[in-house]
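In what follows, a structure is listed as structure tokens, so that the remarks can point back to it.
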Amino acid sequence: GRVRTLVQKAAGFSFLIAGAFFIGAWFFGDSALEAWIGRSYGESHVILLVLLGSQIIATPMDVLRRVLFGMGKVGVPSLLYLAEAIANLVLTLLLIPHFGLLGVALGTAIPVATIELFVLLPYALKQLEFQPSAFLRRVVTPQLLPLAALLVYSFLVWFNFQIDAAWLPVIAVSAGGGAVLAATWSWPLRLKEAQSCMNTQLENQQQAVRLEVRSSDVRDFVLSEWRRLEARIGDRGLSCSSDWTEVWLDAYGDLVPHR
């Protein structure tokens, strides 16, 4: 159970990081490439998006592949590696005449997306005894909120500011996006910890407060305990006042059945 949880968390975190890089590259990839290379090329941004898009699938799948290797199940993952390499070579040769450098990126991305998503993923889930719906829910769903927040942040910055092709603006925008991603990703964890802390406090309070029903033959002892409770609570109305209770017992204790 613990290993399965760790695998799901690692795959989810990998999906989160790959998705964050893709969103950042979608809005600010041109500026980053120009700051790095020194000039802008027509297809460079599209090629970057194609390659990063394939990593949204490949990075979480790499976690599953490494777990399979650790379990000694190396045959099928190795064959899929070989199939990806062959498909990559064939598609690249077919697509280069039509798309140029973009064809190379597509020749890399298409085998990754198809083989790992439709072959490796079902195989890994079966070997690791994961339910597909539960696995996807625990890996993908928790990352949707931080990725959505990063998407909104990136759009607002891109729409309202002109990001120069220099390292300082690119790093500043990246740092802001990282802060947004970290804050929204850790918020559910902090909420869960706070809820757990509140539940623990409630349990402790429930254990500390104990109601005991005693018979009327221990009247003096009960009244002394009542006075101690009244002093601890510090609220005579809440504790119903030991003096009032004593007067009631003196007046009606023999007439009204009580415990």
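Every value quoted in this text rests on a predicted model; they were computed, and no experiment measured them.
Under a hydrophobic-cluster definition in which Ile, Leu, Val, Met, Phe, Trp and Tyr are linked whenever side-chain heavy atoms come within less than 4.5 Å, directly or via other members, Leu89 and Leu94 are assigned to different clusters. Note: the hydrophobic cluster containing Leu51 does not contain Trp26 (ILVMFWY, side chain heavy atoms under 4.5 Å, direct or indirect links). Grouping the Ile, Leu, Val, Met, Phe, Trp and Tyr side chains by contacts below 4.5 angstrom, directly or via other members, places Phe118 with Phe135. Residue Val74 is not grouped with residue Met61 when hydrophobic side chains (ILVMFWY) are merged at heavy-atom distances under 4.5 angstrom, including chains of intermediate members. By the rule that hydrophobic residues join a cluster once side-chain heavy atoms approach within less than 4.5 Å of another member, Leu6 and Met71 end up as members of separate clusters.
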inquiry  = Working note: Leu91 + Leu106, criterion side chain to side chain contact (heavy atoms under 4.5 Å, CB included); need CA distance, chi angles, decisive distance, verdict.
reply    = CA-CA 8 Å; Leu91 284 176; Leu106 291 173; over 6 Å; no
inquiry  = Does Gln143 form a side chain to side chain contact (heavy atoms under 4.5 Å, CB included) with Trp185? I'd like the steps, not just the answer.
reply    = CA-CA 7 Å; Gln143 323 310 329; Trp185 179 75; 3.5 Å; yes
key: Residue pair Ile163, Trp158: steps toward the side chain to side chain contact (heavy atoms under 4.5 Å, CB included) verdict   = CA-CA 7 Å; Ile163 305 301; Trp158 172 81; over 6 Å; no
task = With side chain to side chain contact (heavy atoms under 4.5 Å, CB included) as the test, would you mind laying out the steps for Trp36 and Val170 before giving the verdict?
result = CA-CA 10 Å; Trp36 177 32; Val170 171; over 6 Å; no
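Of all heavy-atom pairs between Ala113 and Leu117, the closest is O-CB, 2.8 Å. Listed here is the closest heavy atom pair of Ala58 and Val112: CB-CG1, 3.5 Å. Summarising the geometry of Ala10 relative to Val63, their closest heavy-atom pair is CB-CG1, 3.9 Å, with the distance given to 0.1 Å. Shown here for Ala18 and Ile56, the closest heavy-atom pair between the two residues is CB-CA, 3.8 Å. Here the shortest heavy-atom pairing between Ser14 and Thr59 reads CB-CG2, 3.5 Å. Here the closest non-hydrogen pair linking Ala25 and Leu52 is CB-CD1, 3.4 Å.
Ring geometry for Phe155 versus Phe27: interplanar angle over 60°, hence perpendicular rather than tilted (30 to 60°).
Counting non-hydrogen atoms of neighbouring residues, nucleotides and ligands closer than 6.0 angstrom, the CZ atom of Arg4 exceeds 12 such neighbours. More than 12 heavy-atom neighbours from other residues, nucleotides or ligands sit within 6.0 angstrom of OH on Tyr123. The environment of Leu101 atom CG is sparse: at most 12 non-hydrogen atoms of other residues, nucleotides or ligands sit within 6.0 angstrom.
Remark: Phe22 CZ to Leu151 CG distance equals 10.5 Å, nearest 0.5 Å. One distance of note links CG of Leu48 with CD of Glu43; it measures 13.0 Å at 0.5 Å rounding. If you take CG on Leu150 and OG1 on Thr184, they are separated by 7.5 Å, rounding to the nearest 0.5 Å. One finds the CD atom of Glu84 at 5.0 Å from the CD1 atom of Ile115 (value rounded to the nearest 0.5 Å). Atom-to-atom distance recorded for Ile17:CD1 and Gln55:CD is 13.0 Å, nearest 0.5 angstrom. Here the CD1-CG distance, from Ile23 to Leu147, works out to 5.0 Å after rounding to the nearest 0.5 Å.
Legend: residues meeting side-chain hydrogen bond (donor to acceptor under 3.5 Å, both in side chains) with Ser31, ordered by chain and number and at least two apart, are absent.
Proximity of a side-chain donor or acceptor of Thr141 to a complementary backbone N or O of Arg138 within less than 3.5 Å is not detected. Using modelled atom types, no side-chain atom of Arg65 and backbone atom of Ala124 make a donor-acceptor pair closer than 3.5 Å. The main-chain N or O of Val173 is found under 3.5 Å from a side-chain atom of Tyr153 such that the two form a donor-acceptor pair.
You'll find the side chain of Val3 stays beyond 4.5 Å of the side chain of Leu128, heavy atoms only.
Contacts classified as ring-ring contact (aromatic ring centres under 6.0 Å, His included) and involving residues 46-104 (residues at least two apart or in different chains) are not found.
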